[in-house]
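Comments concern the structure below.
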Amino acid sequence: MFQNQQLTYLELDKRANQLAHYLQTLEVKAGVLVGICLERSIEIAIALLAVLKAGGAYVPLDPTYPKERLTFMLNDAQVSVLLTQANLLDLLPFSQVQVVCLDTDAEKIAHSPTHKPTYLATTENLAYVIYTSGSTGTPKGVKVSHQNVVNLLESMRGQPGLTQQDILLSVTTLSFDIAVLEIFLPLIVGATTLIVSREVATDGEKLLKTLNNSGATVMQATPATWRLLLAAGWQGSKQLKILCGGEALSPTLAKELVNRTHSVWNMYGPTETTIWSTCYQIQADGIPLIGQPIANTEIYLLDAYQQRVPVGVPGELYIGGAGVALGYLNRPELTTERFIFNPFSQEPHARLYRTGDLVRYRADGNLEYLQRIDNQLKLRGFRIELGEIETVMAQHPAVKEAVVVVREDIPDEKTLVGYLVPKTPSEAKSSSESDSSTQHIQAWNQRWDLLYESGLKNASPESLQDKTLGDAAIIKQLSNQDNFEEQVQEWLDQTVERILGLQPSRVMEIGCGTGQILLEIASKCTYYFGSDYAASALQELEKQLRISEKNLPKIVLDHRAADNFQGIEPAFFDTVIIHSVVQYFPDINYLLQVLKNAIEAVKPGGWIYIGDVQSYGLLEAYHTAEQLKNSSSSMPVEKLRNIAENRVRNEDELVVEPDFFYALKQYIPAIRHVDIKLRRGHIWNETTQFHYDVFLHIEAEATTTIEATWHDWLDENLTVKDVQQILEETQPDYYCIKKIPNARIQKEVQALALLKADSQLETVADVIQALEKLPAGIDPENLWALGETLPYDVDIRCSNAAKDGYFEAVFTRISLKEAQTVVIDSQTVNQIIPQSWSTYANSPMQKQAANNQLIPQLRQFLKEKLPNYMIPATFVTLDAMPLTPNGKVDRKALTILDFARPELAEGYVAPRTLVEQQIAGIWAQVLNLENIGIHDNFFELGGHSVLAIQVTSRLRQTFQVEIPLLNLFEVPTVADLAERVETLQWAMQNSQASQTETMSDYEEGQL
């Protein structure tokens, strides 16, 4: 039966006979392979019987497979005839095969005789060849004989058992070998078979309805299908016998099924031993053993030396007997490797199949499955060789390395994850680097245009009255902190003070935005050139300049990219400002080019100020600290560490190691001196804790370099009071200190160290408790404060020990500094060993290109070569694969890389509506996470202000409604945001309807 169609046994026999006669006219006979590519229907049963009645063997071909895979299977099997349907012809590859369409050729077939055709096949002849995943990158065909199939069916007739009174609901695709049982077992006992469509078989609610209405007494399916039914609300049936197999059955699911049905049978067996080789009726305890062998089947558990292991000891499962297939089609070497001589049998040609499964005997004689011993797995019933997916992934021209693993972030929900190392543009031999760079900059430009437009639209007039806080009013959308304006004011004051300390006159500012810095310092300059890539920011700045009451010099504003110095005269400026924009550059090479151009534009003795740069060495500590704030106290330490590492890998801003600028001095002789200072500020935040400022002095006049003595804060056990006393009493010209523990980041750095150490800490609560016991360190502002009461200039610097939580301090007598140009280089300068620029920073451009371009391209590439069930659900780009000590890929390390939903207070609840699904999908893309639930908080998932810009931009594109950035702070969960979106859509529709109605009334009046 299929939908509204049904056939009696007599009708089925006659139609199968007719098709068999027709196939024999096409020279189908014993040993001839016939392809069957059909949608699920009654025609499947007719086609299968007809091929066998004609004496041939069939090759199932799934119409959903990519053409390339179908082409390989047709060619490898040397299929001579293909049975299909007219509507599938466009999906099939062109070949020399004789095609028979069962629908359009039905009239020709109907003229064939209805009596039983001459049958010449024997029990040793092929019944079918079915393709499974292959580790070499191409599928392999398993040759199964009539004897193999008959033995299976006769055994299954008795146990688990099927009778003439049964109704079997068939849900399995023909390309999965367990479908053989669903078609042929009912036929040999006279039972009824109800075939469901692919659409019904994959839709939980539709399958539930069909199962309940069909009166089915037997159904065979994978654990994934049973979970699908339970999720749809299936309450069970006490008349239903379940056959469950194709992949490991969990105890939880087993017990749930046992409680809802007549009986549950756990079926086990590889394709190479004809579908099922063992079976076991699950008992009330729900333990899913794989039981004992079926009829005429031999089981051996062997060690590495192919010796039998005792009861209770794990061994590799070898299967012998009547079910062992003939081998692999056209793969003699692989056949010899997997189908070995049976040393335990008296029959000279008996063979054993090596399953690769680790199994043990229990004391009661039942078998217990443990795990695979290789990279093969079962997923939703399909056997998959991970090596095949990896081979195909590596064939993509932009992929350097590829590894695939299976993850189970949600119990019983296994998914494939593909890890890849992309080729660099030079390795890929493409011009994609400049394209990616442009796209990266344009993406940031779009985000900031959106931010400025949204901020200016929502900012109050009062917030815009103070021109220097214009940016703060706009950027406040990125924060929900109460003292945000106070933080911005301190950030701005310290920045302006440092720039004015350079005594700028002719200034170029790259990334001037809405003029936060320009409006503060331009009045003290003679010329100011401001550029920015965000057009909306420059437009707002122009408005402010027109109404400004300050005595401003000539100011030129230009819309251009940071690396565009076209029309800029060499040595024209004395100061170039690049403040708080480096993070939006695509990579370190772009920054290098900007700095080279800027150096040419600065006259000798001038300065380049690169402000508010985030430290690459502290990036991991930063993300660890941020995640620590947002994690529940019960979260496991390993989970916290994995999430933090994931944030580091997916950092979308450019983060630069301070050593880069010291290395730059060796690379560009025009740089006479490099000074790298900590950011000032009494408020501890991301900027004061993890950012720094850089001063490049260009071709300065002759300077005096002092080889100073450096005092070690820790070794000498110094305190702030000690330093003050030394300066007051000894009055040295210079006093230099290294290894000063930075109070701003001590806990953050130590938190990272605790996570990396092999400690006894188990949860976030343990980490927090351990951090409370650590010494506080020194606030840099306490040392800066000494300069307010003592005649010393205080220089607080980054050092190469910054990532360990330390900084340097140099005290220079003001009188001496004013008398001569003195330079005391950081200790780091002499320790710099030139290396590749890429080692000094991350590469957000490459990450963005991988996520936005490579991964979609790779997914499409795989769709053209692999079935959908073999395409990883998630792809992860890595800089390099983790390796074991012996140099092999560490697959275990890959499986613990965390890209899953963090452990939150709210449990996971899947999206229910289309709007929730779309929002969750956007969050998953932006956050690079899986399984976003409706109660998940965007910021607790690791989202931050800049990522919020991306989210709101995508929400607007998806839903075509205006969604202010502040909405994400107000309604940060999927469920609440979905409700807000639906409200906005409803309001927009009503507004449009009202306008249409008004216009209609007006037009009628005119008429």
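Residue numbers start at 1 and run along the sequence shown.
- The environment of Gln503 atom CD is sparse: at most 12 non-hydrogen atoms of other residues, nucleotides or ligands sit within 6.0 angstrom.
- Shortest non-hydrogen contact noted between Ile683 and Glu490 is N-OE1, 3.2 Å.
- The backbone N or O of Gly513 lies less than 3.5 Å from a partner atom in the side chain of Asp532, making a donor-acceptor pair.
- At a cut-off of 3.5 Å, with distance as the only test, a side-chain donor of Glu748 or Gln689 sits close to an acceptor on the other residue.
- Looking at Tyr616 and Asn842, their side chains never bring a donor and an acceptor atom within 3.5 Å of each other.
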Step-by-step side-chain contact (heavy atoms from CB on, under 4.5 Å) determination, Val674 to Phe660: CA-CA 11 Å; Val674 176; Phe660 164 75; over 6 Å; no
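- Between Leu678 atom CG and Ile796 atom CD1 the span is 7.0 Å, to the nearest 0.5 Å.
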side-chain hydrogen bond (donor to acceptor under 3.5 Å, both in side chains) between Trp837 and Asp587, worked out: CA-CA 10 Å; Trp837 296 120; Asp587 62 9; over 6 Å; no
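- For the residue pair Asn685 / Trp491, no side-chain donor-acceptor distance below 3.5 Å is found, with atom types taken as modelled.
- For Phe690, the ring-ring contact (aromatic ring centres under 6.0 Å, His included) partners are Tyr622, not counting sequence neighbours.
- In this structure the side chain of Gln487 never reaches within 4.5 angstrom of the side chain of Trp684, judged on heavy atoms.
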Can you give the donor-acceptor pairs under 3.5 Å from side chains of residues 599-610 to other protein atoms, not counting sequence neighbours?
| unit_1 | atom_1 | unit_2 | atom_2 | d |
| --- | --- | --- | --- | --- |
| Tyr609 | OH | His579 | ND1 | 3.4 |
| Tyr609 | OH | Arg679 | NH1 | 3.3 |
| Tyr609 | OH | Asp693 | OD2 | 3.2 |

Test side-chain contact (heavy atoms from CB on, under 4.5 Å) applied to Asp563 and Tyr590, step by step: CA-CA 7 Å; Asp563 65 340; Tyr590 187 92; 3.1 Å; yes
side-chain contact (heavy atoms from CB on, under 4.5 Å) evaluation trace for Tyr806 with Ile740: CA-CA 5 Å; Tyr806 301 109; Ile740 308 172; 5.9 Å; no
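- A distance of 9.5 Å separates OH of Tyr692 from CD of Gln614, quoted to the nearest 0.5 Å.
- The shortest heavy-atom contact between Leu541 and Gly515 is CD1-CA, 3.6 Å.
- Within the 4.5 Å cutoff, the side chain of Leu664 has heavy atoms near those of the Leu592 side chain.
- A donor-acceptor pair under 3.5 Å is absent between the side-chain atoms of Arg680 and the main chain of Asp493, judged by distance alone.
- When every heavy atom of Ile499 is checked against every heavy atom of Pro504, the shortest pair comes out as O-CD, 3.4 Å.
- With hydrogens and angles ignored, the 3.5 Å screen pairs a side-chain donor or acceptor of His559 with a backbone N or O of Tyr533.
- In this structure, CD1 on Ile510 lies 10.0 Å from CD1 on Ile577, to the nearest 0.5 angstrom.
- Within the 4.5 Å cutoff, the side chain of Leu727 has heavy atoms near those of the Pro732 side chain.
- Under a 3.5 Å cut-off, the side chain of Glu651 and the backbone N or O of Glu653 do form a donor-acceptor pair.
- Considering CD of Glu542 and CD1 of Ile547, their distance stands at 13.0 Å, rounded to 0.5 Å.
- Side-chain contact between Ile517 and Leu492 is present, with at least one heavy-atom pair separated by less than 4.5 Å.
- A donor-acceptor contact shorter than 3.5 Å is absent between the side chain of Ser531 and the backbone of Arg560.
- At a threshold of 4.5 Å between non-hydrogen side-chain atoms, the residues Thr495 and Arg498 do not count as touching.
- Considering only heavy atoms from C-beta on, Asp793 stays 4.5 Å or farther from Val810 through its side chain.
- From Lys738, atom NZ reaches atom CG of Leu714 across 10.5 Å, with rounding to the nearest 0.5 Å.
- Annotation: cation-pi pair Lys554/Tyr527 absent, no NZ/CZ under 6.0 Å from the ring centroid and within 45° of its normal.
- The closest side-chain donor-acceptor pair between Glu728 and Gln724 falls under 3.5 angstrom.
- One side chain, Asn597 or Gln593, offers a donor N or O that lies under 3.5 Å from an acceptor on the other.
- Nearest heavy-atom pair, Val794 versus Leu783, reported as atom, atom and distance to 0.1 Å: CG1-O, 3.7 Å.
- With a 6.0 Å cutoff to the six-membered ring centre and a 45° limit on the axis angle, Arg813 counts as a cation-pi contact of Tyr792.
- Inter-residue side-chain proximity for Thr812 and Asp795 is flagged as unmet; no heavy-atom pair is nearer than 4.5 Å.
- Contact detail for Ala743 and Asp779: the closest heavy-atom pair is CB-N, 3.6 Å.
- The side-chain heavy atoms of Glu716 and Lys739, taken from C-beta on, include no pair separated by under 4.5 Å.
- Formation of a donor-acceptor pair under 3.5 Å by the Gln746 side chain with backbone atoms of Pro775 is not found in this model.
- Nearest approach of Lys665 to Arg672, heavy atoms of both residues: CE-O, 3.1 Å.
- Atom-to-atom distance recorded for Asn717:CG and Asp722:CG is 7.5 Å, nearest 0.5 angstrom.
- Geometrically, Arg797 does not engage Phe807 in a cation-pi contact defined by less than 6.0 Å to the ring centre and at most 45° from the axis.
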Test log, rule side-chain hydrogen bond (donor to acceptor under 3.5 Å, both in side chains), inputs Tyr528 and Glu509: CA-CA 8 Å; Tyr528 207 104; Glu509 184 182 0; 2.6 Å; yes
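- Under the 3.5 Å distance criterion, with hydrogens and angles disregarded, a donor-acceptor pair is assigned to the side chains of His691 and Glu686.
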Full working for side-chain contact (heavy atoms from CB on, under 4.5 Å) between Phe811 and Leu790: CA-CA 10 Å; Phe811 295 84; Leu790 299 174; over 6 Å; no
